[in-house]
Amino acid sequence: MTGRAAAVIAVTRDITACRALRRAVFIEEQGVSEADEVDDLDGVATHLLATVAGRPVGSARLLEQGEVGKIGRVCVLADQRGTGLGAALIRAAVAEFATRPGIRKVKLGAQIHALGFYEKLGFTAHGPEYDDAGIAHRDMMLSL
C-alpha cells in the first residue's frame, strides 16, 4: 500500500468541478483550445467525478447515442496518474452504461498513446486514426 486515500467515483451534477478538471488537463496541460473542449453537450450528459479526500481529481462524460454509450472527456490530474484512477473511471463508466436498457456497446475516442490502456480494459480499436483538437485518436469499442 502506498498510503494514498481511496478514490470515490460517483455520478455528479457538479459540472463546474468537471469543467475545471478538463480545463486543467486538456486546455492547460495538453494545449487543446477552449473552442475544441467546450461544447453544448454537458447539459445532456451524465458526468462521473472522482474525488480523493473530497478533492476532485478526475472526471468522465457519458452520452447515449442510440444503443451506444459514449465515454468522453476522460481526465485525471497529473498527480493522480499511475494510481489506477483512470482505469477505475472507465470501469465505472462501463458499469453505468451496463445499467441502462438498450445500451449494447460502449465507444470512446482514445488518444493514440492510450490505446494499450483501453485495450487492457477490454476495448478494441476500430477505424482509422483521426485528428481531434490537434491530437491523434482512434475510436475504440466494447460490447456489453
Side-chain angles (χ1 to χ4, degrees), residues 2 4-52 55-144:
T2 62
R4 284 187 180 263
V8 175
I9 299 171
V11 171
T12 186
R13 292 195 176 277
D14 189 351
I15 295 172
T16 301
C18 295
R19 285 182 177 158
L21 289 164
R22 289 168 18 197
R23 171 171 293 284
V25 172
F26 299 129
I27 296 173
E28 295 169 12
E29 184 181 330
Q30 296 182 351
V32 171
S33 74
E34 188 159 351
D36 283 332
E37 204 295 305
V38 177
D39 62 23
D40 60 354
L41 297 176
D42 281 342
V44 298
T46 298
H47 299 269
L48 295 180
L49 182 64
T51 57
V52 172
R55 174 182 166 236
V57 294
S59 68
R61 183 171 83 172
L62 284 55
L63 295 164
E64 289 188 30
Q65 300 173 330
E67 58 182 37
V68 176
K70 184 168 191 280
I71 303 171
R73 303 298 202 272
V74 178
C75 63
V76 173
L77 292 179
D79 70 344
Q80 296 296 310
R81 293 183 199 141
T83 66
L85 180 59
L89 266 170
I90 298 302
R91 285 193 295 270
V94 170
E96 174 67 24
F97 281 128
T99 69
R100 299 181 182 191
I103 298 292
R104 309 250 185 271
K105 293 181 179 182
V106 179
K107 173 182 176 179
L108 55 83
Q111 292 183 8
I112 294 302
H113 73 85
L115 288 176
F117 168 80
Y118 291 111
E119 286 169 347
K120 288 178 188 167
L121 293 167
F123 287 81
T124 304
H126 292 277
E129 247 183 63
Y130 60 92
D131 180 283
D132 185 0
I135 300 169
H137 284 70
R138 262 188 97 189
D139 285 337
M140 299 192 82
M141 298 285 282
L142 172 73
S143 293
L144 293 178

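What's counted below: heavy atoms across the whole structure, side chains too, no hydrogens, waters or symmetry copies.
Between Arg23 and Glu34, the closest side-chain pair of non-hydrogen atoms falls below 4.5 Å. With a 4.5 Å cut-off on side-chain heavy atoms, Ile71 and Phe97 count as touching. Residues Phe26 and Val38 fail the side-chain proximity criterion, which asks for heavy atoms closer than 4.5 Å. Leu142 is listed as a side-chain neighbour of Val94, based on a closest heavy-atom distance under 4.5 Å. Side chains of Tyr118 and Val74 form a contact here, defined as non-hydrogen atoms less than 4.5 Å apart.
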Derivation of the side chain to side chain contact (heavy atoms under 4.5 Å, CB included) call for His47 and Leu62: CA-CA 6 Å; His47 299 269; Leu62 284 55; over 6 Å; no
Stepwise side chain to side chain contact (heavy atoms under 4.5 Å, CB included) check, Ile135 with Gln30: CA-CA 9 Å; Ile135 300 169; Gln30 296 182 351; 3.8 Å; yes
Intermediate values then yes/no, side chain to side chain contact (heavy atoms under 4.5 Å, CB included), Met141 and Leu108: CA-CA 7 Å; Met141 298 285 282; Leu108 55 83; over 6 Å; no
Intermediate values then yes/no, side chain to side chain contact (heavy atoms under 4.5 Å, CB included), Asp42 and Arg19: CA-CA 9 Å; Asp42 281 342; Arg19 285 182 177 158; 2.8 Å; yes
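Side chain to side chain, Arg100 and Thr46 meet the donor-acceptor criterion of an N or O pair below 3.5 Å.
Under 4.0 Å is where a charged nitrogen must lie from a carboxylate oxygen, and between Glu37 and Arg22 at least one such pair does. Salt bridge status for Arg61 with Asp39: present, with a side-chain N to carboxylate O gap under 4.0 Å. The existence of a salt bridge linking Arg81 and Glu29 is confirmed by a sub-4.0 Å separation between a basic side-chain nitrogen and an acidic carboxylate oxygen.
The shortest heavy-atom contact between Glu67 and Gly102 is CB-O, 3.0 Å. Closest non-hydrogen pair, Leu89 versus Gly58, comes out as CD1-C, 4.0 Å. The two residues Gly109 and Asp139 come nearest to each other via the heavy atoms CA-OD1, 3.9 Å. Of all heavy-atom pairs spanning Gly127 and Arg138, the tightest one is O-NE, 2.7 Å. The shortest heavy-atom contact between Leu77 and Pro56 is CD1-O, 3.7 Å.
We find the CG-OG1 distance between Asp14 and Thr12 to be 4.5 Å, quoted to the nearest 0.5 Å. With values rounded to the nearest 0.5 angstrom, Lys70 atom NZ is found 13.0 Å from Ile103 atom CD1. To the nearest 0.5 angstrom, Lys107 atom NZ is 11.0 Å from Leu63 atom CG. Here OG1 of Thr83 is found 5.0 Å from CG of Leu85. Values are rounded to the nearest 0.5 Å. In this structure, the separation between OG on Ser59 and CG on Leu48 is 8.5 Å, given to the nearest 0.5 Å. Note that CZ of Arg13 is 14.0 Å distant from CG of Leu49, once rounded to the nearest 0.5 Å.
When each of Leu115, Val106, Leu121 is paired with Met140, the side chain to side chain contact (heavy atoms under 4.5 Å, CB included) condition holds for Leu115 and for no other.
Relative ring orientation between Tyr130 and His137 is described as parallel, the plane-to-plane angle staying below 30° on a 0-90° scale split at 30° and 60°.
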